Enquirer: 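My structure is below; once you've seen it, I'll send some questions.
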Amino acid sequence: MTTLTRRSFGIAALAAPAFITGAAPLLAQSTVPAGQTASVFGATIGAYRVTALLDGILPMSTSWFPGGSPASFEAALAKSGIAGESIPAPINAFLLQSDSATILVDAGLGGLDMMGPGFGQVSAGLAVLGLTPEDIDTLVMTHAHPDHIGGMIGANGAAYPNAELVVTGLEHKFWTDAGIMAQAPDAQKGGFQLAQTVFAAYADRLILVEDGAEIAPGVTIEIVPGHTMGHAVLHIDGGERQLLMITDAVHNIDLQTALPEQGIMFDTDPALAAQSRMRLFDRAAADKLLIAGCHVHFPSFGRIVRADDAYRYAPTSILD
Ligand SMILES: [Zn+2]
């Protein structure tokens, strides 16, 4: 079991945008911003219809990726035709539907007023699919950062009133451990409070799982630590089509396939996150898995291929 220590906070103690520190998160009046549009795209993975739901676009910058040399960034991003510091990335949530399950993997930033307008579109995405929040029976929290859990709560508590909340025991322990919270820099305490608010909203239907838990037939949770200590990815066994949902192992797919050791400032343990990322890339490339990620270009389905001494992201269109 991973030991959580003060050191675990690592580079996350940098002056991070309020987005991730959770400093004074405010809940907007409604989790459905006026004028929002829905962006959804679905693919069949075995018994599941897997639909990417766009919550909004994060204005990421190369400055969120510390420690690298500007020249290496420039060269890596130039391969993808990107110049300059602006590297916006989506916040994606994913809906998994089968005959017996309606699972939402993360819920976006929702109505949290941290990153400006334009977020909270997951609910509109569900609506165009003919679903209401009441239809979700399982909510998976891949990790407890605001861009994944903000949409899990609304003005009246749980935004998904009938859903069980599934999270790894490690992730739950980290964010609810009073000792760890006490050691965290003040600027990060809001993040703990937000996570605890979400856990409290689902307290009577909280399911803590371990590495390898099968949460529905063919849907397995794997703990891939580093970004957070209980950070989870999902493997969906669709027979001939296998999907590895790499969630937040990647924050900019162009940059981090070219420079796979490069972390983001929000990684709890950047070195561990890098190891985890490279293991996932190796596996996805070797096994020719489809991947999808919470910050991979919407709608996020693609593959990882080896390129030179690193990797490359190959977007994939799926017909059914
Ligand atoms: Zn994220």
Side-chain angles (χ1 to χ4, degrees), residues 9-12 14 16-23 25 39 52-66 87-95 104-116 118-122 125 139-153 167-168 170-171 174-175 188 190-192 194-195 198 221-234 244-257 262-270 272-274 276-277 280 291-300 313:
F9 287 96
I11 206 156
L14 286 169
F19 149 64
I20 217 77
T21 63
S39 298
L53 306 168
L54 179 68
D55 192 60
I57 303 288
L58 278 175
M60 282 195 193
S61 153
T62 53
S63 65
W64 292 21
F65 296 83
I87 45 173
I91 297 176
N92 302 319
F94 296 94
L95 180 72
L104 183 63
V105 180
D106 291 338
L109 194 61
L112 290 185
D113 188 10
M114 290 180 171
M115 295 299 295
F119 295 93
Q121 296 179 25
V122 165
L139 194 53
V140 175
M141 179 194 292
T142 65
H143 62 296
H145 281 166
D147 55 319
H148 301 258
I149 68 172
M152 293 182 180
I153 50 171
V167 63
T168 69
L170 265 180
E171 189 70 2
F174 182 92
W175 296 101
Q188 293 186 7
F192 284 81
L194 173 63
V198 174
I221 287 206
E222 301 175 21
I223 295 178
V224 176
H227 179 53
T228 63
M229 301 319 287
H231 173 256
V233 305
L234 280 83
L244 185 61
M245 202 174 273
I246 61 175
T247 62
D248 265 28
V250 162
H251 293 82
N252 182 280
I253 193 76
D254 306 305
L255 185 68
Q256 290 176 301
T257 46
Q262 178 64 54
I264 193 166
M265 63 197 303
F266 315 121
D267 289 336
T268 301
D269 184 330
L272 185 57
S276 291
R277 179 166 44 255
L280 289 174
I291 63 130
C294 297
H295 302 297
V296 175
H297 307 299
F298 185 85
S300 154
Y313 173 61

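Bear in mind that the values here come from a model prediction, so they are computed numbers and not experimental data. When a ligand or atom number is given, it counts from 1 through the structure's own listing order.
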Enquirer: Please tell me if the side chains of Glu222 and Leu234 come closer than 4.5 Å, counting only heavy atoms from C-beta onward.
Expert: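 Side-chain contact under 4.5 Å: no.
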
Enquirer: Could you check, using the six-membered ring where one of them is a Trp, whether His148 and His295 have ring centers closer than 6.0 angstrom?
Expert: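 Ring-ring flag for His148/His295: true, centres closer than 6.0 Å.
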
Enquirer: Got a sec: is His148 within less than 2.8 Å of the Zn ion (ligand 1) via an N/O/S atom?
Expert: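 Given the 2.8 Å cut-off, His148 counts as a ligand of the Zn ion (ligand 1).
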
Enquirer: Looking only at N, O or S atoms in Asp147, which is nearest to the Zn ion (ligand 1)?
Expert: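 So the atom name we want here is OD2.
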
Enquirer: Can you give me the OD2-the Zn ion (ligand 1)-NE2 angle for Asp248 and His295, to 10°?
Expert: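 Seen from the Zn ion (ligand 1), OD2 and NE2 are separated by roughly 100°.
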
Enquirer: Between the side chains of His231 and Asp248, does any donor sit under 3.5 Å from an acceptor?
Expert: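 Not at all, the side chains of His231 and Asp248 share no donor-acceptor pair under 3.5 Å.
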
Enquirer: For a 4.5 angstrom cut-off between non-hydrogen side-chain atoms, does Ile221 reach Val140?
Expert: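 Yes, side chains in contact.
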
